[in-house]
Every structure is written in C-alpha cells, then in structure tokens.
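First listed ligand is number 1; within each ligand, the first listed atom is number 1. This structure is a prediction, so every number in the text was calculated from the model and none was measured.
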Amino acid sequence: MIMSITERVHLARERIARAAERAGRSPQDVRILAATKGRSVAEILEALKAGIDLIGENTVQEALGKFEFLPQELEKHMIGTLQLNKVKAAVKLFHAIQSVDSWELARALDRELSRIEREEPYSIFLEVNPAGEETKRGLPPDQVEPLIEQIQDLQNVRVVGLMAMMPYQDPETLRPHFRAMRELFEHLHQQARQKGWARVEMRWLSMGMSHDFEVAVEEGANLVRLGTVLFGPREA
Ligand SMILES: *Cc1c(COP(=O)(O)O)cnc(C)c1O
C-alpha cells in the first residue's frame, strides 16, 4: 500500500500514542523529530503540514541547500557528526546540536557562540553510545557525567538532553540499552539539582528511530527521530 507522508505522520503518531499508553505515559510527552536527510523540500513541507514542528539534518552541507526554503521559525537540530571546521556554519543553521560527543566539540561551539549576541545559552545534547559499538560515534555512558562537569566551565552552551545511537538490530534486544539511557538521564537530572550545575537542564531523551521507536517510547524516550516511517524508504 502506498501511503502519503500525511498518512504516515498520523500513523506514526498513533503508534507512539499506543506505546506511551502501554508505559502509562501521556502521548503528548513524546515529540517527533523528522529526520530529513535525503528528503526534498517538498517532502519536508508536506510533513510540516501534517503537524511536524521539528526536523533534524545530518550535514551542514545539506542544511545549507534546504533551510532557506523552509520556514525560519521551524525548529531545526543537527543530528549527524559535526566536524570542528563546520561549527561556525552549524550554530547559524541549527537551533540545537544533538551530536556533541567530545570536549573539543563542546569547547569549539562555546568559543564560536561567544562571538554571537544571544539571550540564552545555546542548546546541546550529549550523544551516547550505550551499546558500545566500535564503529559508531558517541560517548561511552560512563564518560557522560565527567564531560558535563567539564562543560560547567563554559559560558555559552547548556546541555538540554541526551541522544542515543543504537545499533540496527531487533528492538527487543535493545530494550536494556534504552532502559540504561533512561536511568542515566534521570541520574543526571538529579545530579544537576544536587550539584547546582548551571549548564544543565535535562529536558530531552532523544532515542528511537523508525525500526525501534516503540520500544524506545516504552522505555522513556520523549523525543524520537523518525525518517523512513514518515517519508518512506530512502532511495539507495
Ligand atoms: C537517519 C537518522 C535517523 C532516522 O532514521 P530512520 O531509520 O530512517 O528513522 C535518526 N537519527 C539519526 C542520527 C539519523 O541519522
């Protein structure tokens, strides 16, 4: 059956709502980020019409080609690996960077942001690799808290959440990793209060993609990053 993007967005919302209810959570607690890599401006605009209000791109290059044709006020996050030499362009294009996984990158962002007049600190997520895959980027879970401590020395960024990258495998086998992410998220939330961290405001737990978002929501995700399930299979 061929579905329109509008139908796909509605179906994804229904599936999220059911997963949230299974976990005794409110469906409204879960926000969708549309992962728009490889998608055209026309496809993205259709998703916005269907109610999507947050998108993520993987490269500065692709964002540069598309964002000028999208509403200025649309919230846009960087979800791909960010190279140090693209930091300057990235902070202009994106409202938040979800893929911060090193002190070097956090510091480079802070330095770039110090040149820009802003009312609020810039939002970053720390990217975590809970399954310990060697090929993937992301911090080992035990390095997240030390990096947050270091980030307290910076002036222009604030950690608003965690983003998890999981291996592509049977979602049920990922459940313990999703759960561990939730526990880390809550631990950091508590630590932020106890230690009075000024550069932390743990709000978002970004985990779950098209093949595993229902398990992620059952385990506590409040931001899911969906591509295929909203737009259909990516062309090879
Ligand atoms: C592409 C991508 C997604 C969405 O992937 P789908 O499997 O198509 O839902 C989510 N997060 C990141 C970082 C991505 O690169």
Are there any N/O pairs under 3.5 Å between ligand 1 and the protein, and if so, what are their distances?
from, atom 1, to, atom 2, distance (Å)
ligand 1, 8 (O), T228, N, 2.8
ligand 1, 8 (O), T228, OG1, 2.6
ligand 1, 8 (O), R234, NH1, 3.1
ligand 1, 9 (O), S210, N, 3.0
ligand 1, 9 (O), S210, OG, 2.5
ligand 1, 9 (O), G227, N, 2.8
ligand 1, 11 (N), R225, NE, 2.9
ligand 1, 15 (O), K37, NZ, 2.8
ligand 1, 15 (O), N58, ND2, 2.7

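Taking all atoms of both residues into account, the shortest heavy-atom contact from L54 to L74 is N-CD1, 4.0 Å. Across V217 and R25, no two heavy atoms sit closer than the pair O-NH1, 2.8 Å.
Counting heavy atoms from C-beta on, the side chains of M166 and M181 come closer than 4.5 Å. Between S206 and F125, the closest side-chain pair of non-hydrogen atoms falls below 4.5 Å.
Relative ring orientation between Y168 and H211 is described as tilted, the plane-to-plane angle lying within the 30° to 60° band.
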*asked:* For Q152 and V200: C-alpha separation, side-chain torsions, deciding distance, then whether side chain to side chain contact (heavy atoms under 4.5 Å, CB included) applies.
replied: CA-CA 8 Å; Q152 299 316 300; V200 180; 3.4 Å; yes

